[in-house]
Amino acid sequence: MEVARPEYVPDPSFSREEMEALQDDIAADAAFADDHGIDPDALRLTDTVEDEGDYDPDGGPVVVGVDQAFTDDESVSAVVAIQDGRVVARETGRAPLEIPYVPGLLAFREGRSIVTALDSLSVPADLLVLDGSGRIHFRQAGIATHVGVVFDAPALGVAKNLLCGTPRRSLDDYYREGTRIPIEATDRVSAPIGTVIGHAFQSRQYPNPEKRHVNPLIVSPGHRVSAETTVDFVEALCAGYKLPEPTRLADAAADRVK
DNA sequence: GCGACAG
DNA sequence: ATCTTGTCGC
């Protein structure tokens, strides 16, 4: 796919102030409303994705999972494209690690390898699934929003932990599979307080509440997807595991390359 | 000064 | 994220 906004490609050499200013611009250009034409049912997976296949121009929506693995000095990104339950394309990208991890500035540390990998992807992506937050971010410009706006493609973020915002119910309790808990903006987020910026989604759970319990996923809109539809998409993309299939496959691919 | 903090 | 074996629960 092609970069639509070159000026937004994350540059690790920026100062912290420049990074934050760029994020404010990106958030202003981001759309947190549905603009994709994808029916969640068209993404629904019946089983785990294991087969490879050829891209079909007349087939269903292409969902691209993105994830990273790290070595001492570089980040490795893997992107896996799925269409109608089959892997139709996969690509990798590498970039040197130039800055440390700073909460809120993740895209500047891992963004280059992602852009490189997506840039070399030959099939058109209808939806990007990033690891990390989108709108659940201090300036509403998490890595999912950042990458989505750079390519002007529908995107969403799937995280394992909450960066900011307040869940309407405690995330430490036991919830049955399918439970959705809205995450609202607080004064630390650049959105009106109370705005639903994402959800905690219980994609997987153990049967006995007394014993073990699984933590919910934290999902949020990246670009051109609403908070509600974001959960619909993630739910449709999960096939028996805690993480959605695109993310699982990208995760495995990145580790494999490393 | 204190607290909070995706991967 | 990464360094790492066994182990508990279903």
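Residue numbering restarts at 1 for every chain, and letters A, B, ... go by the order of the sequence lines. Only heavy atoms go into these numbers, but all of them, side chains included; no hydrogens, no water, no symmetry mates.
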In whole Å, what is the span from the [atom1] atom of [X] to the [atom2] atom of [N]?
X      : N     : atom1 : atom2 : answer
A:Q68  : B:dG7 : CD    : P     : 11 Å
A:R139 : B:dA6 : CZ    : P     : 14 Å
A:L130 : B:dG7 : CG    : C1'   : 12 Å
A:Y174 : C:dG9 : OH    : C1'   : 13 Å
A:E74  : C:dA1 : CD    : C1'   : 14 Å

Can you confirm if the NZ or CZ of A:R109 lies within 45° of the ring axis of A:Y101 and under 6.0 Å from the centre of its six-membered ring? no
Contact class for [X] (heavy atom, under 4.0 Å): base, sugar-phosphate, or nothing?
X      : result
A:F70  : sugar-phosphate
A:L105 : base
A:G104 : base
A:I136 : nothing

Side-chain donor-acceptor pair under 3.5 Å between A:S220 and A:S133, yes or no? no
If you measure only the distance, is there a donor-acceptor pair under 3.5 Å linking the side chains of A:R176 and A:Q205? no
Mapping A:N208 and A:T71 to their closest nucleotides on DNA chain C, which lands nearer the 5' end? A:T71
B:dG7, OP1 or OP2 - any side-chain N/O from A:N161 closer than 4.0 Å? yes
Can you check whether A:K258 has a side-chain N or O nearer than 4.0 Å to OP1 or OP2 of C:dT2? yes
Is it the case that the side chain of A:R204 and the backbone of A:G240 share a donor-acceptor pair, with hydrogens and angles ignored and the cut-off at 3.5 Å? yes
Backbone of A:S226 reached by a side-chain donor or acceptor of A:D34 within 3.5 Å: yes
Per-pair stack call A:Y101 and C:dA1, 5.5 Å, 30°: no
Side chains of A:L43 and A:P61: does their closest heavy-atom pair fall under 4.5 Å? yes
Under 6.0 Å between the ring centres of A:F108 and A:H146? yes
No-H, no-angle donor-acceptor pair, A:R212 side chain to C:dC10 base, under 3.5 Å: no
For DNA chain B, which ranges pair as stems of 3 or more consecutive Watson-Crick or G-U pairs, with both donor-acceptor distances under 3.5 Å? none
